[in-house]
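Below is one structure, written out as structure tokens; the observations come after it.
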Protein chains: 2
Amino acid sequence: MVQIPKPAAPPPSVPRSVPTSADVARLAGVSRATVSYVLNNTRAVRISEPTRRRVQEAAEELGYVPHAAARSLRAGHSRTVLIPAPSVPAGALYGRFLDELQGALGRLDYTVVQHGTAGPHGDEAARVWAELRPVAVLVPGSGLGPRGVAVLKRSGARAVVTLGPEAVEGAHGLLMDHESVGHRAGAHLYDRGRRRIGVVVPEESGLEVFSRPRLAGVRRALDGTDAGVTELPLGYDEDCAARLAARWRDLGLDAVFAYNDEYAMLLMRALQDVDVRIPEETAVIGADDLMLGRLLRPRLSTVHIDLPSGRDLAELVDRAVRNPGAPPERHPVLGARVVHRESS
Amino acid sequence: MVQIPKPAAPPPSVPRSVPTSADVARLAGVSRATVSYVLNNTRAVRISEPTRRRVQEAAEELGYVPHAAARSLRAGHSRTVLIPAPSVPAGALYGRFLDELQGALGRLDYTVVQHGTAGPHGDEAARVWAELRPVAVLVPGSGLGPRGVAVLKRSGARAVVTLGPEAVEGAHGLLMDHESVGHRAGAHLYDRGRRRIGVVVPEESGLEVFSRPRLAGVRRALDGTDAGVTELPLGYDEDCAARLAARWRDLGLDAVFAYNDEYAMLLMRALQDVDVRIPEETAVIGADDLMLGRLLRPRLSTVHIDLPSGRDLAELVDRAVRNPGAPPERHPVLGARVVHRESS
DNA sequence: TTGAAAGCGTTACCAC
DNA sequence: GTGGTAACGCTTTCAA
């Protein structure tokens with residue numbers, strides 16, 4: 001059979017295939033090099049104005065769009081910052097933070113890509129991420145170990161930043177100190193004279209990364225005092241909350257740290273429905289300082305967490321990319337502080 | 001100066017560059033082709049077990065990870081579904097929907113990429129998206145016109161699906177019928193005997209796409225009746241809400257459709273703070289049927305919106321990718337219905 | 001000022 | 001069974 005090297009004359013009315021720079025060159029009557037020069041505004045080479053125009057018109061007419069993969073393959077690097085989508089429905093706080101971060105990275109000329117990892121987790125997922133050859137990877141939550149970091153770095157990632165509670169070897173870290181969130185909450189309740197303190201632990205899987213250190217923080221705050229801590233598993237669901245509220249008086253608690261503001265709202269409502277007076281009978285404190293806490297009655301006390309601005313984190317990434325040899329930066333995210341309102 | 005073609009012996013302790021399949025082949029003592037066969041489990045070719053093993057061990061040792069860009073460049077297509085991050089802080093409803101969709105697409109073996117477009121909007125942005133050569137693009141909100149769709153299709157996107165309120169030429173569409181959301185709310189309030197109806201219109205920019213049709217829907221519901229509609233601009237902010245509440249009695253309204261549950265909560269609280277009785281004095285209804293509405297007192301009436309499941313949308317995408325010639329599917333998202341609780 | 005050609009990492013088609 | 005080789009789309013030296 002004869003192999004036809006190229007379809008002789010593809011009817012111009014049906015441009016089935018995606019136009020390439022070669023097509024543009026052909027139409028403009030120049031070489032592919034010239035097309036590249038014109039479309040990238042290469043300063044080192046001067047192209048005559050008429051040629052320039054012909055190329056631009058040809059590109060326009062064909063609807064030519066450069067192929068990012070081919071470009072970065074040739075260049076040997078990309079400016080893609082990969083942010084795996086958290087496997088856990090993260091809170092509203094994280095959502096806002098992410099938006100801000102995306103904007104800031106965009107302004108530094110990075111392309112932000114959020115990758116929804118369907119299957120594998122942790123170090124498994126790192127291999128998938130590495131296939132995309134990002135220049136930097138920002139990993140929320142925990143789950144990535146030193147092995148995963150190594151995989152990413154070996155495949156060209158110049159910066160790996162974890163946003164989880166603990167530092168990972170080889171990676172920069174924004175260390176969310178959830179333990180101190182719990183500590184602040186526990187100390188606050190203790191100072192207000194509470195001694196039998198409940199701590200809500202969400203039943204939703206994946207949230208343990210945050211809830212465990214928060215619980216530990218409360219424990220540490222009350223360690224060596226006459227106060228006791230009771231763990232309260234709770235699903236994010238009206239029924240679960242109602243069931244917990246139903247046995248509230250048997251629990252004999254005088255305060256509760258409700259993991260975050262959303263769980264606090266859920267629990268507070270359930271308690272009010274069974275006539276537990278807040279804060280007289282039971283004090284309630286949440287965390288994250290969401291708007292909704294201010295709208296509740298009584299107004300919800302909360303632990304405000306000072307996340308770094310998206311700009312700060314974007315600059316950390318940029319710094320790390322520019323200087324990949326530098327030792328990992330570890331930024332403890334401080335600034336957890338109690339906002340005392342009416343519920344405690 | 002003499003150009004050295006290849007560094008003679010890069011010290012194996014410092015593998016500075018990213019390992020390629022050629023490196024694996026070299027280490028295993030086979031050709032690149034064989035490496036490809038082994039690592040991709042190519043059925044058509046049988047590779048001897050010892051060779052197989054050698055290749056796998058070499059890949060393991062080098063920490064080889066295939067280069068997705070090179071692969072899809074060679075293959076001529078990718079399985080990337082691009083979802084631009086909405087320029088607007090979308091609500092919690094959309095967030096959950098997106099999570100579900102990501103999972104469903106992942107299960108169909110697509111790679112979901114959320115692209116945070118920093119700068120340009122609409123058809124401008126389409127060019128940037130097209131550079132990534134996605135097999136499908138899912139555009140939330142409006143802003144993409146027929147030109148943008150054409151750009152995407154010409155650069156190889158086999159499916160473009162818009163999630164906005166109106167159909168776009170050439171694109172499949174999940175038509176969020178926000179007009180009928182407003183219509184349902186308006187009709188409900190009218191049926192409850194309300195005649196002077198306020199409609200909250202968020203001041204946050206970008207939300208007009210949703211708020212305008214919702215307002216129009218209320219207007220249509222009350223058209224030709226003795227009821228009147230008052231537009232109420234409101235920023236998502238306690239102060240704005242307080243200012244609006246302060247002049248509430250001057251407005252003389254007996255009902256309000258608060259755009260969505262979050263704005264409803266904000267406004268309801270502000271009204272209660274100035275002793276406007278709900279629902280006696282003013283009925284309040286929101287939209288989106290968020291959990292928080294059930295937790296408010298009085299319980300918040302709302303318009304529940306039946307979004308298609310992530311699985312449904314994933315299947316629409318898959319169908320469209322498999323059969324790009326098919327005419328655009330237009331799915332009106334129906335199922336807006338009032339959930340009557342206590343606030344109206 | 002423009003063109004020819006090499007090469008980025010991968011895979012598929014043919015020979016051996 | 002295994003190994004060359006070409007090609008995907010792009011940029012960039014080098015040469016004309």
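All chains are named by letter (A, B, ...) in the order of the sequence lines, taking the proteins before the strands, and each is independently numbered beginning at 1.
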- Message: If you compare all heavy atoms of A:S21 against all heavy atoms of A:Y64, which two are closest, and at what distance to 0.1 Å?
- Response: N-CE1, 3.3 Å
Rounded to whole Å, how long is the line connecting atom [atom1] of [X] with atom [atom2] of [N]?
X      : N      : atom1 : atom2 : answer
A:R154 : C:dG9  : CZ    : P     : 16 Å
B:H77  : D:dG9  : NE2   : P     : 12 Å
B:D23  : C:dC8  : CG    : P     : 11 Å
A:L73  : C:dT10 : CG    : P     : 9 Å
A:E131 : C:dG9  : CD    : P     : 15 Å

Considering just the side-chain nitrogens and oxygens of [X], establish if one lies under 4.0 Å of OP1 or OP2 belonging to [N].
X     : N      : answer
B:S21 : C:dT10 : yes
B:T20 : C:dG9  : no
B:S48 : D:dT2  : yes
A:R71 : D:dG9  : no

- Query: Distance-only, no hydrogens or angles: does the B:R127 side chain make a donor-acceptor pair with backbone N or O of B:V151 under 3.5 Å?
  - Reply: no
- Contact class for B:T51 (heavy atom, under 4.0 Å): base, sugar-phosphate, or nothing? sugar-phosphate
- Message: Over all strands shown, is B:I47 touching base, sugar-phosphate only, or nothing at heavy-atom distances under 4.0 angstrom?
- Response: sugar-phosphate
- Item | Pair of N/O donor and acceptor under 3.5 Å linking D:dT11 base with A:R74 side chain | yes
- Any residue of residues 32-46 of chain A with a heavy atom less than 4.0 Å from an atom of DNA chain D: A:R32, A:A33, A:S36, A:Y37, A:N40
